[in-house]
Amino acid sequence: MPDFDYAEAIQKNLENVKNRIRVAAEKSGRKAEDIMLVAVSKTVSAEKLYAITEKKDMIFGENRVQKLLEKYDILKERCVWHFIGRLQTNKVKYIIDKVAMIHSLDRSELADEIQKRAKNRNRIMNCLVQVNISGESTKTGIKPAELLPFLKKVSLYPNLRVMGLMTMAPYTENPESVRWIFRELKNISVDMSRENIDNISMRYLSMGMSQDFEVAIEEGSDIVRIGSDIFGKRDYL
Ligand SMILES: *Cc1c(COP(=O)(O)O)cnc(C)c1O
């Protein structure tokens, strides 16, 4: 059953987050509408999510294939789905016709598989390449030095369209301490767009989560992925 009390509480959080997005956008000379909000729904049940999809204007981000499939079964096209987590090659086939964007393209074998499955379904999959700026070994992502050859390779894949870059900053309580990471990703995206590679666009930068999205927007983010500030602190991942 849809949970409408929950929906009311979440709407408030959403408005609050959207306001903060607007303020940060204006600080960097942009408008709220220039920033895409991906509500990271990974901790929230399909029943709860159902109640906030009346207007069909939500984008939900999920980081586990199994969870995404369970929720998709119930919500289907009441929302738009983005995949934001580490993606196992053997699971691409399950999500290829369900998600509008994959934020976590981070290796060649995954690109090969996305190309193959997208071709099978006769579609073009929008992807962002995840870059590991921080150098943390626990973070997945392509090293900056390997990005250009990677882009040149996937530019030849007709069913995979790179639309920009994504990064995750390390956990911090002080967002200023990760500002350099967002600035660096922006610089890299400018460098890559100067390469003018066919079939590769640097339209989007997916950076910023609850802990740091305002700083990320100030540094040029146009997609923020926000979970706990909308849905509450997580009790599981
Ligand atoms: C969980 C998650 C987020 C959102 O994190 P919050 O701190 O809850 O806002 C963003 N991006 C990725 C890849 C995630 O896994």
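Each ligand, and each atom within it, is numbered from 1 in the order the structure gives. Here the structure is a predicted model, which means the values were calculated and not measured.
With respect to the salt-bridge test (charged N to carboxylate O, under 4.0 angstrom), the residues E113 and K93 do not qualify.
By the 3.5 Å distance cut-off applied to N or O atoms, G227 is counted among the residues near ligand 1.
Between D229 and ligand 1 there is no heavy-atom distance shorter than 4.0 Å. Look at K42 and you'll find a heavy atom under 4.0 Å from some atom of ligand 1.
Ring geometry, F60 versus F231: the interplanar angle falls from 30° to 60°, so the pair is classed tilted.
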- Task: Any chance you could lay out the salt bridge (Lys or Arg N to Asp or Glu O under 4.0 Å) test for E219 and K186, step after step, and finish with the verdict?
- Result: CA-CA 7 Å; E219 296 300 329; K186 172 76 187 183; over 6 Å; no
- Task: Verify salt bridge (Lys or Arg N to Asp or Glu O under 4.0 Å) between D97 and R117, making sure each step is shown before the conclusion.
- Result: CA-CA 9 Å; D97 54 351; R117 298 293 173 178; over 6 Å; no
- Item | Stepwise salt bridge (Lys or Arg N to Asp or Glu O under 4.0 Å) test for E218 and R179 | CA-CA 9 Å; E218 286 166 32; R179 183 183 287 277; 2.9 Å; yes
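Remark: the backbone N or O of S206 is paired with a side-chain donor or acceptor of R225 at under 3.5 angstrom.
Near I84, the atoms of ligand 1 lying under 4.0 angstrom from a non-hydrogen atom of the residue are 11 (N), 12 (C), 13 (C), 14 (C). Which parts of ligand 1 touch S228 is read off a 4.0 Å heavy-atom cut-off, strictly below it: atoms 6 (P), 7 (O), 8 (O), 9 (O). Near I226, meaning under 4.0 Å from one of its heavy atoms, ligand 1 places the atoms 9 (O).
Of the candidates M166, R225, H103, the one placing a heavy atom closest to atom 11 (N) of ligand 1 is R225.
Using a 4.0 Å cut-off between heavy atoms, M168 contacts ligand 1 through its side chain alone, with no backbone atom that close.
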